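Written below as structure tokens is the structure these notes are about.
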Protein chains: 2
Amino acid sequence: MPKLGMEPIRRQTLVAATIAEIGAAGSLEVTMSQIARRAGVSSALAHHYFGSKDKLFLAAMRTVLTDFGTEAREALAGQTDPQARLRAIVQTCFAPASFRPGVVAAWLNFYVHALNSDATLRLLRLYRRRLHSNLVHDLRPLVGAQAEEIAETTGALIDGLYIRQALKSDGPLADAAVRHVMAYLDLAIAAGSRA
Amino acid sequence: MPKLGMEPIRRQTLVAATIAEIGAAGSLEVTMSQIARRAGVSSALAHHYFGSKDKLFLAAMRTVLTDFGTEAREALAGQTDPQARLRAIVQTCFAPASFRPGVVAAWLNFYVHALNSDATLRLLRLYRRRLHSNLVHDLRPLVGAQAEEIAETTGALIDGLYIRQALKSDGPLADAAVRHVMAYLDLAIAAGSRA
DNA sequence: TGTTTTATTGATTGACGAGTCAATTAAGAA
DNA sequence: TTCTTAATTGACTCGTCAATCAATAAAACA
């Protein structure tokens, strides 16, 4: 019983189902059928709209990154004080929307998948560049030339906390993660402004 | 033409081939045949000695971790000054033997695989506990109660630098990685001893 | 010498899964 | 009403791959 204008709805549903399924499985080894079943459609339809599993995965990753970007932009809106902005960036990284077990697991799997897929790698680099330049932008007034180095370390630290979160059995430790990163930033900024 | 006492040799060869193949593929989606071919034997032999693909993967991971542990022990032998020991630990993490693209890729894939395999997860936790307690042991005399927290952050930072290394296109940036971690440790120790 | 044990493989099985396709349904256009 | 077009699926094809097995070859042993 075809209702018209289904395409965008189906795409969204399928992408959401993909993320959920990957998150639940903890692996990219999920079948189109599983994903389609979770989305409540046939596997043929998933192929119809996305063409291939790879393209569906790519769309899913794009969504994860876009969601994150949106959230970051909102958190930064209006903030002008560099320290406050830095805190907002870090908090966004560990905000519930992105820092749920399922999403983290999916994220991690995409991260590894970038070893094999140029398109995925490009997407990932894009996100990383954005985070990096945000950090540098707000670090510069505080520590000058050291901004690059500190941003680099901060980025790596955030990635590390993510990967650890994925393997944590107990609940989300977002607060602890934010504390770790902010503690590092405070140290680095104090040392940087003293110099 | 069976020569006796082949078992340990075949096991070693197959494990090495597994790591190499996973590293080259950047994924756990490698077939037993590929691995066996690289090892110069039939896939049936791989099954004969390891029973299943999962068990072979597990053995490979065990080897990666064991190699790392050995190297760490050697680097620490004789060192008594806490600062020097900390540096030795960090350097080991990024030493050529463990920090080659292939090995890092394999490591990363095992890391993610721990989401699905309890046995893998246990192995990983073991390694992590060891690194953590090594760090704490040498941080304690320098910063007292803050040792736990700093060790935690250091561990996450190392993981983050690993995951980033895996996706770096250019050559190994071991020196830069060591610098990042040591810079953080110097900051944290200075602040900790001041307190 | 014949028998057992270890090493080894080619061929086969059985399952599973991506992608294709022809067929069906209904909404809108002519 | 008739035609076109979007939505949707069940059934099918074609590969691939883990795992098994029966067979072979050569040590060691009796």
Side-chain angles (χ1 to χ4, degrees), chain A residues 1-61 106 109-110 113 116-120, chain B residues 1-61 106 109-110 113 116-120:
Chain A
M1 325 84 167
K3 316 204 170 132
L4 293 217
M6 281 286 103
E7 174 154 359
I9 296 167
R10 292 304 188 206
R11 290 191 105 98
Q12 258 179 260
T13 313
L14 279 164
V15 161
T18 304
I19 296 166
E21 204 66 27
I22 292 174
S27 148
L28 295 184
E29 276 163 57
V30 292
T31 70
M32 289 297 261
S33 304
Q34 282 171 269
I35 294 170
R37 189 171 333 125
R38 188 182 281 253
V41 298
S42 74
S43 72
L45 195 66
H47 275 102
H48 175 64
Y49 282 129
F50 287 95
S52 75
K53 199 177 168 182
D54 241 34
K55 296 225 190 84
L56 176 53
F57 278 179
L58 212 54
M61 180 163 188
N109 274 283
F110 287 137
H113 186 56
N116 293 316
S117 154
D118 279 353
T120 306
Chain B
M1 322 85 167
K3 314 200 172 138
L4 294 217
M6 280 286 103
E7 174 153 359
I9 296 168
R10 292 304 188 205
R11 290 190 104 98
Q12 258 178 261
T13 314
L14 280 164
V15 161
T18 304
I19 296 167
E21 203 66 28
I22 292 174
S27 146
L28 295 184
E29 276 163 56
V30 292
T31 70
M32 289 296 263
S33 304
Q34 281 171 271
I35 294 170
R37 189 172 333 127
R38 187 182 282 253
V41 299
S42 74
S43 72
L45 195 66
H47 275 101
H48 176 65
Y49 282 129
F50 287 94
S52 77
K53 199 179 170 183
D54 241 34
K55 297 224 190 83
L56 176 54
F57 278 180
L58 212 54
M61 181 163 187
N109 274 283
F110 287 137
H113 187 55
N116 294 316
S117 152
D118 279 353
T120 306

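Below, each value reflects all heavy atoms present in this structure, side chains not excepted, and no hydrogens, waters or symmetry copies. The sequence lines fix the lettering, A, B, ..., with proteins before strands; numbering per chain opens at 1. Quick caveat, the model's predicted, so the values are computed rather than measured.
Atom CG of A:D54 is separated from atom P of C:dG17 by 17 Å (rounded to the nearest Å). A straight line from NZ of B:K53 to P of D:dA18 spans 4 Å, rounded to a whole angstrom. We find that NE2 of A:H48 is positioned 9 Å from P of D:dA6, with the value rounded to whole Å.
Note that OG of B:S27 is 8.5 Å distant from CG of A:L28, once rounded to the nearest 0.5 Å.
Side-chain atoms of A:Y49 and A:L56, non-hydrogen and from C-beta on, never get closer than 4.5 Å to each other. Looking only at side-chain heavy atoms (C-beta outward), A:V30 and A:F57 come within less than 4.5 Å of each other. Counting heavy atoms from C-beta on, the side chains of A:E29 and B:E29 come closer than 4.5 Å. Within the 4.5 Å cutoff, side-chain heavy atoms of A:D54 are placed close to those of A:H113.
Across all strands shown, A:S43 has no heavy atoms under 4.0 Å from either base or sugar-phosphate atoms.
Shown are B:R37, B:R38, B:K53; of these, the salt bridge (Lys or Arg N to Asp or Glu O under 4.0 Å) with B:E21 is made only by B:R38.
The side chain of B:L4 lies closest to D:dA27 when the candidates are C:dG19, D:dA27, D:dA19. Of the candidate nucleotides C:dA18, C:dT8, D:dG10, D:dG10 has the atom lying nearest to any side-chain atom of A:A44. In this structure, the nucleotide among D:dA7, D:dT20, C:dC21 sitting nearest to the side chain of A:E7 is D:dA7. The A:V41 side chain lies nearest to D:dT9 when the options are C:dT20, D:dT9, D:dA6. Each of D:dA19, D:dT9, C:dT8 was ranked by its minimum atom distance to the side chain of B:M6; first place goes to C:dT8. When each of D:dT8, C:dT20, D:dA19 is scored by its nearest atom to the side-chain atoms of A:H47, the top-ranked nucleotide is C:dT20.
Axis angle between the ends of the helix from C:dT1-D:dA30 to C:dA30-D:dT1, five pairs each and rounded to 10 degrees, works out to 10°.
The main-chain N or O of A:T31 is found under 3.5 Å from a side-chain atom of A:Q34 such that the two form a donor-acceptor pair.
Positionally, the nearest nucleotide of DNA chain C for B:L45 lies more toward the 5' end than for the other of A:G51 and B:L45.
Summarising the geometry of B:A60 relative to B:T18, their closest heavy-atom pair is CB-CG2, 3.9 Å, with the distance given to 0.1 Å. Shortest non-hydrogen contact noted between A:G5 and A:P8 is O-CD, 3.6 Å.
Contact check of residues 25-39 of chain A against DNA chain C (heavy atom, cut-off under 4.0 Å) returns A:V30, A:T31, A:M32.
Between B:R10 and C:dT6 there is no side-chain polar atom (N or O) within less than 4.0 angstrom of OP1 or OP2. Look at A:Y49 and you won't find any side-chain N or O under 4.0 angstrom from OP1 or OP2 of D:dA6.
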